[in-house]
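Take a look at the structure set out below.
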Amino acid sequence: GKGFESAVAYAVARELGLGDKVEWTVVPFNSSYAPGPKDFDFDINQISITPKRAERVDFSDPYYTAPQAVIALKGTDAADATSLADLADAKLGVQIGTTSLDAVTESIEPSGQPQVFNDSNDTVRALKTKRVDAIVVDLPTAFYLTAAEVPEAKIVGQFDAPGGDDWGVVLEKDSALTACVNQALGELEESGELQQITDQWMGGQAGAPELQ
């Protein structure tokens, strides 16, 4: 219950008049934006807004725009890259169901197909065991992974995803709460609280150089 999106969820709940009465449930990532009834009122889980996903669920207005980031083991050729072109011949790994695959294909334009893994654990394991030279994730995840799970790796750099990578709150299609959540986010943005939360939890972004 602590972290950037947790703080946003509690702030939205307070704007909705619920105080701190937030109940958490675990949902597989791909299930969050699958069509059909939901076991949650809204899901806030680094879910990028895409037109295809929006056909199946409601998205709130964006609450954060995340760049992509490249992670490589320290001391490797990939770790020394200073541009996207330097990564074109690297073996790259991404997680299935994320926007990172499109970001790799369109921005890095690798000479070989990226390797796609079922979940974050498999993606990280591939990096640790050197099955891939580098992995691509969103920048906040990159900071977490290099700090907590793969301290022997470094963030090579960040780059903007094609069209931007906006994160939105996910709700069941045509949910009556969608307009309420949008209003809550709007009030948080207008008051400056959303920016304060972002600065508190995402302030380390400046530590990742930009790759072009």
Side-chain angles (χ1 to χ4, degrees), residues 3-5 8 29-30 32-33 44-54 59 62-74 76-128 131-170 198-199 201-212:
F4 170 60
E5 291 181 299
V8 174
F29 185 80
N30 287 349
S32 62
Y33 53 82
I44 181 166
N45 189 28
Q46 300 184 8
I47 302 171
S48 302
I49 301 171
T50 68
K52 187 173 182 179
R53 293 174 180 176
F59 277 103
Y63 61 88
Y64 179 71
T65 301
Q68 294 288 308
V70 180
I71 302 175
L73 296 177
K74 298 173 183 175
T76 62
D77 289 342
D80 292 334
T82 58
S83 68
L84 295 175
D86 290 341
L87 295 163
D89 292 329
K91 291 186 294 183
L92 302 173
V94 296
Q95 179 183 340
I96 193 172
T98 67
T99 54
S100 296
L101 178 58
D102 290 338
V104 167
T105 302
E106 296 185 34
S107 295
I108 298 178
E109 300 180 349
S111 56
Q113 283 293 322
Q115 294 189 40
V116 181
F117 300 96
N118 289 329
D119 56 33
S120 177
N121 290 336
D122 287 346
T123 309
V124 170
R125 191 176 300 114
L127 177 65
K128 287 182 174 180
R131 287 179 57 193
V132 295
D133 299 319
I135 61 175
V136 177
V137 297
D138 60 73
L139 183 57
T141 298
F143 275 107
Y144 168 75
L145 290 176
T146 53
E149 292 194 19
V150 200
E152 64 272 27
K154 61 173 284 189
I155 298 175
V156 180
Q158 61 172 297
F159 63 98
D160 290 335
D165 193 7
D166 292 330
W167 293 356
V169 172
V170 171
T198 303
D199 291 342
W201 293 101
M202 300 298 199
Q205 289 185 3
E210 291 191 11
L211 298 174
Q212 297 180 349

I'd like to check Pro114 versus Leu101 (side-chain heavy atoms, cut-off strictly below 4.5 Å). Are they in contact?
yes
Between the side chain of Glu210 and the main-chain N/O of Gly157, is any donor-acceptor distance below 3.5 Å?
no
Before you tell me yes or no, could you show the steps for Phe117 and Val132 under side chain to side chain contact (heavy atoms under 4.5 Å, CB included), namely the whole-Å CA-CA distance, both residues' side-chain angles and the distance that decides it to 0.1 Å?
CA-CA 11 Å; Phe117 300 96; Val132 295; 4.1 Å; yes
Between Phe59 and the options Ile47, Asp166, Val169, the side chain to side chain contact (heavy atoms under 4.5 Å, CB included) test singles out Ile47
Rounded distance [0.5 Å steps], CD in Glu152 versus NZ in Lys128:
6.0 Å
Do Ser100 and Gln68 pair up side chain to side chain, a donor and an acceptor below 3.5 Å, judged on atom types alone?
yes
Smallest separation among heavy atoms of Asn45 and Phe29, with atom names:
O-CE1, 3.7 Å
OH/Tyr33 to OG1/Thr50 distance, rounded to the nearest 0.5 angstrom?
7.5 Å
Take Thr198 and Phe4, measure what side chain to side chain contact (heavy atoms under 4.5 Å, CB included) needs, and give me the verdict at the end.
CA-CA 7 Å; Thr198 303; Phe4 170 60; 3.5 Å; yes
Compare every heavy atom of Pro67 with every heavy atom of Asp160, then report the nearest pair and how far apart it is.
OD1-CB, 4.1 Å
Nearest heavy-atom contact between Ala81 and Leu211 is O-CD2, 4.2 Å
Closest contact, heavy atoms only, Val170 versus Ser32
CG1-O, 3.4 Å
Separation between CD1 of Ile135 and CG of Asp133, rounded to the nearest 0.5 Å
12.0 Å
Nearest heavy-atom approach of Trp167 to Pro140 is CH2-CG, 3.7 Å
Distance col, row Tyr144:OH vs Glu149:CD, nearest 0.5 angstrom, shows 4.0 Å
Closest approach of Ala72 and Ala79, non-hydrogen atoms and distance?
CB-N, 3.7 Å
Within this structure, what is the CG-OG distance for the pair Leu84 and Ser107, rounded to the nearest 0.5 Å?
6.5 Å
Please check if any side-chain donor atom of Thr141 sits under 3.5 Å from a side-chain acceptor atom of Asp138, or the reverse.
yes
Backbone of Asp77 reached by a side-chain donor or acceptor of Asp80 within 3.5 Å:
no
Evaluation steps, side chain to side chain contact (heavy atoms under 4.5 Å, CB included), between Ile71 and Val156:
CA-CA 6 Å; Ile71 302 175; Val156 180; over 6 Å; no
Would you please test Thr123 and Asp119 for side chain to side chain donor-acceptor pair (under 3.5 Å) and show each step?
CA-CA 6 Å; Thr123 309; Asp119 56 33; 5.8 Å; no
Is there a side chain to side chain contact (heavy atoms under 4.5 Å, CB included) between Ile155 and Val70? Walk through the geometry before answering.
CA-CA 6 Å; Ile155 298 175; Val70 180; over 6 Å; no
State whether the side chain of Thr146 and the backbone N or O of Ala142 hold a donor-acceptor pair below 3.5 Å, judged by distance alone.
yes
Mind checking the CG-OG1 spacing from Asn30 to Thr98? Nearest 0.5 Å is all I need.
9.0 Å
